[in-house]
Number of protein chains: 2
Amino acid sequence: MDLSERKLRILHAIVGDFIRFAEPIGSRTLSRKYDMGISPATIRNEMADLEEIGFLTHPHTSAGRVPSDKAYRLYVDDLMQKYEIPEEEKQIIAEKLKKNVSELERTIKHAASLLSEFTNLTSFAITPNQESNKLQHIKFLPVDEYTVVLMIVTESGRVTNTAVKLKSTCTEENLALLSKVMTYNYKGKTLSDILTLDIIKEFESDVEVMGRLMENIRPNFINTLENMLDVELYLDGLTNIFSIPEYNDIEKAKDFLDMINKREHLTDVLINREDGVIITIGNENKEDIMHDYSLITATYHVQGRLMGKLGVIGPTRMKYDEVTSIIEYITDNISRTFKITRGDENDE
Amino acid sequence: MDLSERKLRILHAIVGDFIRFAEPIGSRTLSRKYDMGISPATIRNEMADLEEIGFLTHPHTSAGRVPSDKAYRLYVDDLMQKYEIPEEEKQIIAEKLKKNVSELERTIKHAASLLSEFTNLTSFAITPNQESNKLQHIKFLPVDEYTVVLMIVTESGRVTNTAVKLKSTCTEENLALLSKVMTYNYKGKTLSDILTLDIIKEFESDVEVMGRLMENIRPNFINTLENMLDVELYLDGLTNIFSIPEYNDIEKAKDFLDMINKREHLTDVLINREDGVIITIGNENKEDIMHDYSLITATYHVQGRLMGKLGVIGPTRMKYDEVTSIIEYITDNISRTFKITRGDENDE
DNA sequence: GTTAGCACTCACCCAGCAAGAGTGCTAACA
DNA sequence: TGTTAGCACTCTTGCTGGGTGAGTGCTAAC
């Protein structure tokens, strides 16, 4: 199973060439293009060997060779070299991710957009799973006679708010009191605990006036918590696939877009991936409909604890070295940005 | 220029047939399919007349006739009948738009998604322009030692918040005071006035301690206001175009997607459209790149004053009757939902 | 072990042909 | 005078079939 150095060299050349040009490559072309000191006939023999042990395939008898998933795996693990991102690209990325740091959603959206821009692939990202995020603060603010704003702040500094319409008017004092009581009750509990442990129901008996108010507010409160637990999915660079020759066939393009449009499914796939930079190639993907694609994903962290994911999807023939470097650079940047809590820790 | 009743009947048949089947139709087929009591030869003569005055065109000599933009215009204005939306569709739409009424963004997103689902076209929507929205309330809430949440509430009940990182810690009293002072200063002013009139700068001299705090907060404040003024664009049903025969050609599909992806441009087009249900067909669109498409847009209102837009874009050959009814129904629903301020006005 | 040579295979391109759907025109009909 | 039948003509579409070129596998010689 160990490959000779020459076989590795040939395989490397084939994978590299195919990644760039998307065209099966023959022995003659290979020897002319990459001048490796051996004749086409020799290459042919080696190729036949490589095909037998599953590294190459053959679209049809008289076509050149094409790398298999196994070959890409070998390439990713042993052959490819680290890609250095050009300084200017790094700058653009760092610059854009620094903006609007107060809104994680915006940053994640930007991250997905940068990722698809620089990889020319379709990118996607999910916001952090907040189940273990703990509640810090609940506040009610009056807007007009019959409207109050319910605001929930979590320990990681995520803030969510909803307007609530009241059935009857309510004094500012009562709202302040309710804020205090609810904060006291729920502070330090995780969002999913608050939702599942029925402690929302238990609440109502406490005080008389509060009871009626809470009755009114409860649906919105539950709804807001549920929304906070929703993991948001962002997609970008959908149309990039049209510049990839593999998808010049309308059917293929449609299949791809149909798969991408199964948003819940895509979210699940991302959530269930392991942490760190993960590459899965073609058949390595558990999901049948992804057998023709490769995925590269990475994890970013918010305040050390919460984490979300970012990734690209494309044909198995992708620039693994470039994409890996770029995705790593982006997630590192996000994690660094959202690690800082205090305003004065702005480096540089 | 006035068309005979027979010419109108023929034109109606051609437009209707082409909208459904996307194929040029010839005199013989037309007479067979729609049994209009005259021979193909007669229809041919009438067709020649209609072509001469610009209602029909001819892809090539031996092909059938195809309606021109002018024909669609006549169809939309005089020929087409009102389309009745099936009750079940109405219910699904009403149901979905009722959910999450506290978050306009979510509703608009849902509206776009419903629109593309029921029209099988690509839909898009923008959130209301908030330039004339007035500030109602500013509140600072402590999160941790160095983090506060800045919260802005407008008269129409829209709420936005940002986490702000402080350079130095700050007492709760000071935050409460700053909230009061800022609310006092800005209440009743429109968002764009606050941003442009430089009143943010004037502010700082007021109180000594507040000055330093404000210095720290100002960039976030400005940034948040700017974000509130941004009109958000939502797109949905992009992949629907693949089920439209016109776009079976990969080049056409790409052109379409490229145009759709010019998001700023699309936003501008929407903003600059007149109110109400507006149909523009092919060449009627001012923008060159839209000469091959038709747009149907409509306006929804929030709290009577703010307004946003919703629309679809597709080939000039679209089901104008259906789309118009659906888009009208959806915008009416949104406007009705967001007219109510009090919780007890839930009809039904 | 490496290479040259050769027969063979297939996708791809292009030309040619027949079929089918349409048209425009002319002449006959009511 | 408006309507219709008939006919010649046009143009797309789909099919077929040969030529070309890139590539392979095998064999035999170096």
Side-chain angles (χ1 to χ4, degrees), chain A residues 2-11 13-15 17-18 21-68 245-246 248-252, chain B residues 2-11 13-15 17-18 20-68 245-246 248-250 252:
Chain A
D2 256 3
L3 298 177
S4 71
E5 193 266 338
R6 191 169 71 187
K7 280 202 174 59
L8 283 177
R9 245 174 52 227
I10 291 175
L11 193 57
I14 294 175
V15 174
D17 191 272
F18 191 72
F21 304 108
E23 221 108 290
I25 187 161
S27 52
R28 191 192 174 84
T29 324
L30 196 71
S31 86
R32 245 182 309 171
K33 229 171 161 178
Y34 297 92
D35 182 35
M36 30 183 59
I38 42 177
S39 78
T42 312
I43 295 178
R44 267 206 294 288
N45 289 330
E46 297 285 41
M47 277 174 159
D49 291 353
L50 285 169
E51 182 160 1
E52 200 166 359
I53 49 179
F55 284 103
L56 296 177
T57 54
H58 227 174
H60 57 86
T61 338
S62 67
R65 296 314 212 286
V66 166
S68 67
E246 271 88 335
N248 259 357
D249 173 11
I250 201 99
E251 278 306 313
K252 290 257 178 68
Chain B
D2 255 3
L3 298 176
S4 70
E5 193 266 339
R6 192 170 70 186
K7 280 202 174 58
L8 283 177
R9 243 173 54 225
I10 291 175
L11 193 58
I14 294 175
V15 174
D17 191 271
F18 191 72
R20 268 194 293 168
F21 305 108
E23 279 301 75
I25 187 160
S27 53
R28 190 193 175 83
T29 322
L30 195 73
S31 87
R32 245 183 309 169
K33 230 170 156 177
Y34 296 92
D35 181 37
M36 29 184 60
I38 44 178
S39 78
T42 311
I43 295 178
R44 267 205 295 286
N45 288 331
E46 296 286 41
M47 278 174 160
D49 291 354
L50 286 168
E51 182 161 1
E52 199 164 2
I53 50 179
F55 285 104
L56 296 176
T57 55
H58 227 177
H60 57 86
T61 339
S62 68
R65 296 314 211 287
V66 165
S68 68
E246 271 89 335
N248 259 358
D249 173 9
I250 201 99
K252 289 256 179 70

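All of these numbers come straight from a predicted model, not from anything done at the bench. Chain A is the first sequence line, chain B the second, and so forth, proteins listed ahead of strands; every chain is numbered from 1.
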Interatomic distance where [atom1] belongs to [X] and [atom2] belongs to [N] [whole Å]:
{"X": "B:Asn248", "N": "D:dT13", "atom1": "CG", "atom2": "C1'", "answer": "16 Å"}
{"X": "B:Leu56", "N": "C:dT23", "atom1": "CG", "atom2": "P", "answer": "10 Å"}
{"X": "B:Arg65", "N": "C:dA21", "atom1": "CZ", "atom2": "C1'", "answer": "13 Å"}
{"X": "B:Glu23", "N": "D:dT13", "atom1": "CD", "atom2": "P", "answer": "10 Å"}
{"X": "A:Leu30", "N": "D:dG23", "atom1": "CG", "atom2": "P", "answer": "10 Å"}
{"X": "B:Asp49", "N": "D:dG2", "atom1": "CG", "atom2": "C1'", "answer": "12 Å"}
{"X": "A:Glu51", "N": "D:dC26", "atom1": "CD", "atom2": "P", "answer": "12 Å"}
{"X": "B:Glu5", "N": "D:dG2", "atom1": "CD", "atom2": "P", "answer": "17 Å"}

Test item: B:Ser27 side-chain N/O and B:Arg44 main-chain N/O as donor-acceptor pair under 3.5 Å:
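Not confirmed, B:Ser27 side chain does not pair with B:Arg44 backbone.
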Please round to the nearest 0.5 Å and tell me the distance separating atom [atom1] of [X] and atom [atom2] of [Y].
{"X": "A:Tyr34", "Y": "A:Asp17", "atom1": "OH", "atom2": "CG", "result": "3.0 Å"}
{"X": "B:Leu50", "Y": "B:Leu3", "atom1": "CG", "atom2": "CG", "result": "6.5 Å"}
{"X": "B:Arg28", "Y": "B:Ile43", "atom1": "CZ", "atom2": "CD1", "result": "11.5 Å"}

Indicate for each nucleotide in nucleotides 1-20 of chain C, in 5' to 3' sequence, whether protein heavy atoms under 4.0 Å reach the base (B), only the sugar-phosphate (S), or nothing (-).
-SBBB---BBS---------
Give a yes/no on whether any side-chain N or O of B:Ser27 is located under 4.0 angstrom from OP1 or OP2 of C:dT23.
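The answer is yes; a side-chain N or O of B:Ser27 sits under 4.0 Å from OP1 or OP2.
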Strictly below 4.0 Å: does B:Arg28 bring a side-chain N or O up to OP1 or OP2 of C:dT23?
no
Across all strands shown, which nucleotide pairs with D:dT27 by Watson-Crick or G-U wobble geometry, both distances under 3.5 Å?
C:dA4
Assess whether a salt bridge exists between B:Glu246 and B:Lys252, defined as any Lys/Arg side-chain N lying under 4.0 Å from an Asp/Glu carboxylate O.
no
Which one of B:Lys7, B:Arg65, B:Arg9 satisfies the salt bridge (charged side-chain N to carboxylate O under 4.0 Å, His left out) criterion with B:Glu46?
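Only match with B:Glu46 under salt bridge (charged side-chain N to carboxylate O under 4.0 Å, His left out): B:Lys7.
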May I ask you to establish whether A:Lys33 and A:Phe21 are in a cation-pi arrangement, using a distance under 6.0 Å from NZ or CZ to the six-membered ring centre and at most 45° from the ring axis?
yes
